[in-house]
Structures are given as C-alpha cells and as structure tokens.
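Contents: one structure, followed by commentary.
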Amino acid sequence: MKFIDEYRDAGAARRYAEAIARATTRPWTIMEVCGGQTHAIVKFGVDALLPPAITLVHGPGCPVCVTPVEMLDKAIEIASRPEVIFCSFGDMLRVPGTRRDLLAAKASGGDVRIVYSPLDAVRIAREHPARQVVFFAVGFETTAPANAMAVVHARRLDLANFSMLVSHVLVPPAMEAILSSPGTRVRGFLAAGHVCTVMGTTEYEPLARTYRVPIVVTGFEPADILQGLYMCVRQLEEGRAEVENQYTRSVRREGNPAAVQLIRQVFRVRARAWRGIGEISQSGLGLAEEYAAFDAEERFGVAGRTAAESPECRSGLVLQGLLKPPECPAFGTRCTPEHPLGATMVSSEGACAAYYRYRRGERPPAAHPVTEP
Amino acid sequence: MCLAVPGQLVSVTGDDPLMRTGKVSFGGILKEVHLACVPEAKVGEYVIVHAGLAIGILDEEEAARTLQYLQQIEALGEGAPGSP
Ligand code: SF4
C-alpha cells in the first residue's frame with residue numbers, strides 16, 4: 001500500500017542501522033513513547049539491527065495498558081446492566097479488571113459490542129432508542145477528536161440514550177513523569193507521530209528545554225523509526241536537545257487545528273490515574289461541563305469506585321521503561337495472552353504482548369528458572 | 001490503539017462541514033470516513049484515518065523527502081567517515 005510499503009524496505013533499514021552505528025560514539029538509552037512503535041520495533045527486529053551502544057526502552061504509550069483497573073470495573077458493572085448496549089474498541093475486552101473482564105461480562109449476558117469507531121456507537125444509539133448505549137472512550141490525543149466528534153454528533157441528534165465512559169490520557173505529562181523520576185535512564189525520546197498529527201509539536205518544546213532531552217516526532221514504519229533514531233542519536237552526540245520532526249508527511253508544527261478545536265470544545269484537562277503508575281496531575285481529559293449530561297459515570301452512579309491492582313503484575317515498571325517484559329517473573333508462565341495478569345499482555349500495543357508474540361524463544365534464563373530434578 | 005492508516009479519498013458526501021463523510025480506499029478496500037477534521041481534503045488526496053475519523057492529510061512532497069533522507073546522510077557520511 002502506498003505510504004506504507006516504501007518505508008519497509010529491508011535494505012534501507014540495514015543502511016540506516018549502519019548510519020546510526022557510524023554516528024554513535026557512546027552508549028545512549030532512547031525511549032519510544034508509543035506502543036504502536038514498540039510493536040513495529042519488536043516485530044521487524046529494529047532493535048536487533050542497532051549497535052550495542054543504543055538501548056531502546058519502551059514507553060507508556062498504550063492507552064489500553066494505562067486505563068486504571070477501577071475504570072475496567074466500572075465498565076464491567078455498566079455493561080452487565082440489562083438496559084445497556086456497551087460499545088468498546090476490541091482491545092479492551094480481554095483487559096483484566098479486579099475480578100473479570102468485559103468478555104466475561106458478555107459471556108454472562110451483557111450486550112457488549114466491538115466497534116471500530118465511536119461514531120458507530122452513536123449510530124447504534126440511534127437505532128436502539130429504548131436502550132442505553134455507552135461508549136468506552138479510552139485513548140490518547142490521537143483518539144480524542146473521534147471521541148469528541150461522537151459527543152458532538154449525539155448532542156446534534158438529541159440522543160438522550162447515549163453516554164461515554166471517559167478515560168482519556170495525554171502524552172506530554174507522562175513523558176514529564178518519566179523524566180522527573182530519579183531512576184530514569186532515558187536520554188532521548190521518539191515521540192508519537194499520530195498524537196502529534198493531532199496536537200502538533202509545540203507542547204514538547206518546554207520538555208526538551210527543561211530536561212535537556214532530544215525529542216524526535218517519529219512515524220511507525222521501520223524506516224521512520226530508524227530515521228527517528230538516527231536524528232535522536234545525532235542530537236545526543238552533538239549535545240543538542242531540540243524537538244525535531246521525522247514524520248513530516250503527517251505532522252505539522254501546529255498540528256490539526258480543527259481536531260484540536262474539537263477536543264477543546266468537548267473535553268477539559270484533568271488529573272488521571274495511570275494503571276501501574278498512579279495518578280499524574282493534568283494528565284488526561286474528562287468531559288467539559290457543557291457535555292456532562294453524556295457522562296456515563298454520573299448516569300450509572302459509578303463515579304466513586306476504586307480498586308487495587310494485581311500485586312504480581314509489574315506493568316508499571318514496563319510502562320516506564322524500567323523493566324523489559326521477559327524480566328517479569330510472571331511473563332509467559334502465570335501471565336499469557338490467554339490468562340493475562342496485566343493489560344500490557346493483552347493490548348495489541350502492549351509491550352508484554354509484543355514480546356510474547358515475537359520473542360518468546362528469547363527469554364533470559366533468569367526470568368524463566370528451570371528446576372533441576 | 002493510536003494506529004492510523006493512510007488511504008486515498010475517492011468521494012465526498014454532504015456539505016455540512018461537521019457531518020461530511022467520504023469513501024476512503026485502503027489498498028482497494030473502501031471505508032466510510034468522517035471528514036470534519038480535514039475540511040480542506042480533496043478527492044484524490046491521501047488522508048490518515050483513525051477510529052473512523054480522518055485526522056490529517058498526507059503531504060506527498062514530504063513523504064518523498066523522507067525517502068531521500070537516507071541517501072543524503074550517506075553522501076555526508078562518505079565524505080567524512082566517522083564525522084557527525
Ligand atoms: S508479563 Fe504479565 S504480569 Fe508481568 S508485567 Fe507483563 S502483564 Fe504484568
């Protein structure tokens with residue numbers, strides 16, 4: 001397909017890796033923020049092409065992975081009500097809540113439907129005026145315009161039976177949380193290309209300045225990621241800490257003004273809890289007051305719920321680049337995609353899922369002790 | 001989940017800017033896509049689509065420039081091996 005295939009050329013990838021090796025004189029740790037990039041890196045073996053001095057760590061950019069457990073519990077509770085049609089992106093169905101997941105709620109009679117777009121949920125609400133249709137609005141800035149659009153459509157159509165369970169998160173506050181944590185090894189970032197397609201790149205400039213880190217806005221194909229890494233290494237080697245844009249075919253400095261305007265209209269910035277990480281101030285979005293009537297938490301009286309996370313799951317460390325999935329003692333043993341302990345094992349962009357799918361044979365022995373008879 | 005896919009806009013329906021939709025071809029597979037965030041998108045252009053909404057228009061010139069970048073840095077590298 002155009003704009004995809006030409007960025008997957010294996011020869012070009014090798015030549016990029018050589019250019020990176022030539023440019024590297026010291027060890028550097030670079031974090032790719034977005035789970036989509038993590039999957040591309042593990043799937044195409046981008047990390048294996050790099051010189052040993054370059055360490056890639058995987059970041060928190062998987063909205064499914066960071067949706068807090070209590071949100072899953074709220075979703076399951078709402079989805080189990082007989083009057084509700086609960087619509088969600090497919091990725092959320094296997095994510096474990098405290099006791100069960102949405103798929104189990106569906107198996108025991110809940111009307112849970114997978115939709116490709118929040119606007120499909122609005123259409124379902126129109127078609128079923130006697131039912132309550134709830135959309136599980138998770139996502140980063142990339143997904144916020146589509147979710148905002150659904151609310152705007154519902155308001156226009158005067159739909160009293162549509163609401164949203166909102167658990168929206170924002171990338172820059174998470175990057176700041178990682179940079180300000182004392183244990184961080186991250187010296188440079190590949191920022192998420194589609195988040196920046198929507199938001200632009202200006203909000204990363206203070207981060208690059210304050211923490212003296214290069215931030216390269218990067219696309220998702222192997223050639224994009226390698227070029228982004230090359231640009232990041234060049235900055236590190238030259239002692240620069242700037243925001244650069246590798247993904248120029250999609251990202252403009254000002255972002256997409258119509259999309260940003262839509263987000264501002266429907267949502268307001270607020271604190272959010274991140275699964276495995278904890279609450280980060282100003283790190284997410286909730287419905288603006290004018291749209292509070294569409295808030296499913298209020299409509300179904302689940303706003304105050306809290307829940308504890310599995311003590312065994314280390315996804316918080318994985319999401320902050322402090323632990324590689326195979327280093328988790330439960331990886332591939334007590335935790336698998338069929339029986340996940342954490343969201344990073346089931347999301348299509350979760351780091352644990354990526355390693356399970358593409359790298360299972362390469363578990364380090366320490367993480368997989370063999371008991372001698 | 002931030003997966004967004006490039007596709008070619010092949011037709012546009014409606015003139016209400018907020019409700020405008022279009023058919024987008026993803027390697028021959030057609031899907032209906034909302035166009036509220038790309039008011040200037042024209043038939044024949046490539047848009048980038050996420051969750052049923054076009055979130056941007058792809059810039060063909062920039063796309064070509066990205067593909068030329070490798071040759072440029074190799075030309076630099078050959079002139080002065082080991083130099084930045
Ligand atoms: S392997 Fe499973 S238990 Fe370990 S961090 Fe990943 S999701 Fe959590």
Side-chain angles (χ1 to χ4, degrees), chain A residues 1-4 6-7 12 15-16 18-19 22-23 34-36 61-64 89 91 116-120 138-143 145-147 149 152-153 156 192-195 197-198 219-220 223-224 227 230 234 237-238 246-252 255-256 258-259 262 347-349, chain B residues 1-8 16-21 24-29 31-41 45-78 80-84:
Chain A
M1 251 161 70
K2 187 168 172 185
F3 292 119
I4 293 183
E6 61 270 43
Y7 300 92
R15 283 159 54 203
Y16 259 122
E18 283 160 18
R22 277 198 301 274
C34 173
C62 162
V64 175
F89 295 126
D91 270 16
Y116 155 75
S117 164
L119 292 145
D120 295 339
V138 297
F140 278 109
E141 292 92 327
T142 314
T143 317
N147 289 347
M149 191 70 198
V152 169
H153 273 216
R156 269 230 179 166
H194 291 141
V195 165
T197 298
V198 171
F220 298 83
D224 290 321
Q227 186 187 337
Y230 175 81
R234 282 287 297 266
E237 291 283 341
E238 290 165 19
Q246 180 277 327
Y247 200 35
T248 49
R249 63 187 181 278
S250 181
V251 175
R252 332 267 180 265
N256 178 333
L262 198 55
S347 164
S348 64
E349 288 176 2
Chain B
M1 231 191 74
C2 293
L3 180 73
V5 187
Q8 191 174 27
D16 176 347
L18 204 60
M19 308 300 252
R20 211 166 69 112
T21 62
V24 174
S25 165
F26 299 97
I29 298 161
K31 274 201 168 224
E32 170 122 337
V33 166
H34 287 263
L35 300 175
C37 291
V38 288
E40 70 283 29
E45 285 185 317
Y46 277 76
V47 289
I48 183 128
V49 179
H50 172 75
L53 183 80
I55 55 169
I57 301 173
L58 283 174
D59 185 322
E60 303 241 2
E61 273 174 38
E62 290 294 341
R65 204 165 300 163
T66 300
L67 290 171
Q68 287 153 11
Y69 187 84
L70 182 59
Q71 279 123 45
Q72 281 167 18
I73 60 172
E74 283 179 338
L76 280 178
E78 268 175 27
S83 75

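Per chain, numbering begins at 1; letters A, B, ... match sequence-line order.
Using a 4.5 Å cut-off between heavy atoms, A:Asp120 does not touch chain B at all. At a 4.5 Å heavy-atom cutoff, the contact between A:Ala12 and chain B is made by backbone and side-chain atoms alike. Both the backbone and the side chain of B:Ile55 come within contact range of chain A, each with at least one heavy atom under 4.5 Å from a heavy atom of that chain. Heavy atoms of A:Val152 lying under 4.5 Å from chain B belong exclusively to its side chain. Heavy atoms of A:Glu18 lying under 4.5 Å from chain B are absent altogether. With a 4.5 angstrom heavy-atom cutoff, B:Val33 does not touch chain A via any of its atoms.
The closest side-chain heavy-atom distance from A:Cys62 to A:Ser347 is below 4.5 Å. By the 4.5 Å heavy-atom criterion applied to side chains, B:Leu18 and A:Met149 are counted as neighbours. Within the 4.5 Å cutoff, the side chain of A:Thr142 has no heavy atoms near those of the A:Thr197 side chain.
Under the 4.0 Å criterion applied to side-chain N and carboxylate O atoms, B:Glu62 and B:Arg65 are assigned as salt-bridge partners.
The side chain to side chain donor-acceptor pair (under 3.5 Å) search around A:Tyr16 returns A:Gln227, not counting sequence neighbours.
Centroid-to-centroid, the aromatic rings of A:His194 and A:Phe140 stay 6.0 Å apart or farther.
In terms of non-hydrogen atom pairs under 4.5 Å with chain A, the most contact-rich of B:Gly52, B:Ala64, B:Cys37, B:Gly27 is B:Cys37.
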